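Contents: one structure, followed by commentary.
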There are 2 protein chains.
Amino acid sequence: MRDLDDTDRQILRLLVADARRPYSDIAEHVDLSAPAVSDRIDRLRELGVVRGFTVDVDQSLLTSGVPVLVELGVPVTRTSEVAAALRDLEAVEHTFETADGAVVVQATVRDGDVTGLLDEAVDLERLRDVEVRLLRKAEWTPSLGEATLSLTCAECSNTVTSEGESTRLEGELYHFCCGSCLTNFEERFERLQSGA
Amino acid sequence: MRDLDDTDRQILRLLVADARRPYSDIAEHVDLSAPAVSDRIDRLRELGVVRGFTVDVDQSLLTSGVPVLVELGVPVTRTSEVAAALRDLEAVEHTFETADGAVVVQATVRDGDVTGLLDEAVDLERLRDVEVRLLRKAEWTPSLGEATLSLTCAECSNTVTSEGESTRLEGELYHFCCGSCLTNFEERFERLQSGA
DNA sequence: ATTGAAATCGGCCTAGC
DNA sequence: GCTAGGCCGATTTCAAT
């Protein structure tokens with residue numbers, strides 16, 4: 001498994017700026033042929049670096065309500081659970097889970113009833129505190145920097161290096177630091193499958 | 001200018017989920033022809049609702065450093081300025097500007113030197129306070145809800161209704177509540193142009 | 001219906017064993 | 001020398017207008 005090189009990053013940058021740019025166009029920029037670009041993009045998808053293709057919608061033109069930033073103090077053991085519940089709310093756009101047990105979400109509430117919104121997903125009684133702030137503006141500026149691949153082995157949690165391998169099981173993508181971790185994982189996976 | 005209807009919203013939702021879905025496919029879902037879908041998407045771009053097409057990159061697979069959530073207390077008169085400066089930093093992904101004069105940014109810092117990062121963009125001495133928190137997870141779940149168009153007249157700041165009109169000047173898109181606001185604006189614009 | 005882009009295929013070249 | 005992986009050019013298929 002190769003790491004990302006400058007060409008990959010350049011392709012990513014071009015795609016982030018405009019995912020409809022023809023491959024031939026990208027190819028010129030990175031000095032490759034169109035099929036080569038196609039191959040690399042496929043690979044980026046396979047790796048899970050590119051999750052998919054979307055449209056950038058200007059939320060500020062769509063009145064769905066009032067944009068707010070909500071911070072919830074959550075017992076550290078339950079942050080993931082609370083964050084997941086909030087994430088699935090229609091009104092919630094961004095979910096941040098901090099290491100110190102806070103969950104910060106950016107949402108758009110229709111009638112200003114924030115607690116009503118939160119109440120659908122979490123038990124407010126069990127939170128340490130809730131802070132709601134009105135948003136004046138929210139912006140998203142995707143960046144890449146000098147990004148390199150940083151994968152964790154699904155079997156042993158080590159860092160995956162160039163020797164690593166990947167596989168897709170049941171639509172989910174898994175990365176491994178070596179072939180034996182992969183086979184171990186696959187065997188365990190199959191045992192669980194047949195057991196269920 | 002027509003408001004968004006259910007078909008537009010449905011198309012948007014389908015595009016958000018997968019912008020590479022063929023128009024014929026979308027057409028089936030919304031019970032239209034492919035060219036009709038094409039027309040609507042063009043219109044959504046013209047309106048500025050669709051800002052563009054991008055790729056969804058899984059930042060968690062790209063190690064550019066440590067993800068943090070930073071909150072800056074800023075004098076209310078300077079929040080926009082500070083937010084804008086931070087937004088343009090390569091490491092900054094999300095910028096939130098709250099109504100009560102705080103700026104919250106989500107960034108990825110390479111060597112853990114957050115203050116060094118901030119120092120590039122803002123005068124730390126002039127801030128009320130800075131709070132930095134390590135992020136465990138950040139997620140983005142785009143939603144649309146029952147969104148309707150909510151445009152503000154560039155001339156008189158009134159809400160733009162179905163009678164409104166739009167125009168593009170120097171690549172920037174402007175919306176107006178009525179024809180006279182549009183002409184007024186255009187005249188003023190031209191005067192400024194020739195003056196400069 | 002026309003235009004043009006993207007996926008595919010076979011062959012070539014290079015690096016690593 | 002052999003293998004694997006990456007790239008290219010031509011072709012075919014399919015989407016956009």
Side-chain angles (χ1 to χ4, degrees), chain A residues 1-57 144 147-149 151 160-168 171 173-183 186, chain B residues 2 7-57 61-62 166 168:
Chain A
M1 183 161 52
R2 223 195 48 228
D3 201 346
L4 298 191
D5 60 15
D6 281 340
T7 305
D8 291 313
R9 281 188 285 273
Q10 183 69 3
I11 291 173
L12 277 176
R13 243 173 256 124
L14 290 166
L15 284 179
V16 166
D18 177 11
R20 288 213 154 174
R21 197 189 296 264
Y23 286 5
S24 54
D25 199 293
I26 299 175
E28 259 186 53
H29 274 83
V30 301
D31 213 30
L32 282 177
S33 72
V37 171
S38 172
D39 285 351
R40 281 187 182 243
I41 295 177
D42 284 351
R43 188 170 151 273
L44 289 170
R45 297 197 75 162
E46 269 310 300
L47 280 171
V49 173
V50 167
R51 269 193 290 236
F53 293 78
T54 25
V55 285
D56 178 9
V57 173
L144 284 174
T148 57
L149 222 40
L151 307 172
V160 176
T161 68
S162 348
E163 277 81 47
E165 301 181 24
S166 304
T167 191
R168 196 178 283 275
L173 191 65
Y174 301 93
H175 303 281
F176 304 92
C177 63
C178 59
S180 55
C181 269
L182 191 155
T183 41
E186 278 182 330
Chain B
R2 224 194 47 232
T7 305
D8 291 313
R9 281 189 285 274
Q10 183 68 5
I11 291 174
L12 276 176
R13 241 173 255 123
L14 290 166
L15 284 179
V16 166
D18 177 11
R20 289 213 152 176
R21 195 189 300 265
Y23 287 7
S24 55
D25 198 294
I26 299 175
E28 259 185 53
H29 274 84
V30 300
D31 215 28
L32 283 177
S33 71
V37 171
S38 172
D39 288 348
R40 287 200 179 228
I41 294 177
D42 284 351
R43 188 170 151 272
L44 290 169
R45 297 197 76 162
E46 269 310 300
L47 281 172
V49 173
V50 167
R51 267 193 291 238
F53 293 77
T54 25
V55 285
D56 178 10
V57 173
L61 294 185
L62 301 177
S166 303
R168 194 179 285 273

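Note that the structure is predicted; figures quoted are calculated from it, not measured. Within every chain, numbering begins at 1; the chains are lettered A, B, ... in the order of the sequence lines, protein sequences first and strands thereafter.
- Between A/Arg45 and A/Asp42 there is no salt bridge, since none of the side-chain N atoms of the basic residue sits less than 4.0 Å from a carboxylate O of the acidic one.
- Summarising the geometry, the separation between CG on A/Asp42 and C1' on C/dA7 is reported as 9 Å, rounded to the nearest angstrom.
- Mapping A/Asp31 and A/Arg20 onto DNA chain D via the closest heavy atom, the residue that lands nearer the 5' end is A/Asp31.
- One distance of note links CG of A/Leu14 with CZ of A/Arg9; it measures 13.5 Å at 0.5 Å rounding.
- At distances below 3.5 Å, not a single donor-acceptor pair connects side-chain atoms of B/His29 with backbone N or O atoms of B/Ile11.
- The CZ atom of A/Arg13 sits 10.5 Å away from atom CG of A/Asp8, with the distance rounded to the nearest 0.5 Å.
- Once you apply a 4.0 Å limit to the heavy atoms of chain B, the touched nucleotides of DNA chain D run 5' to 3' over D/dA16 to D/dT17.
- Checking the phosphate oxygens (OP1, OP2) of C/dA7, a side-chain nitrogen or oxygen of A/Tyr23 falls inside 4.0 Å.
- Rounding to the nearest 0.5 Å gives a distance of 11.0 Å between OH of A/Tyr174 and CD of A/Glu186.
- Atoms CD1 (A/Ile26) and C1' (C/dA5) sit 12 Å apart, rounded to a whole Å.
- The line from CG of A/Asp31 to CD1 of A/Ile26 is 14.0 Å long, rounded to the nearest 0.5 Å.
- Rounded to whole Å, the distance from CG on A/Leu32 to P on C/dC13 is 17 Å.
- Heavy atoms of A/Pro35 sit under 4.0 angstrom from at least one base atom.
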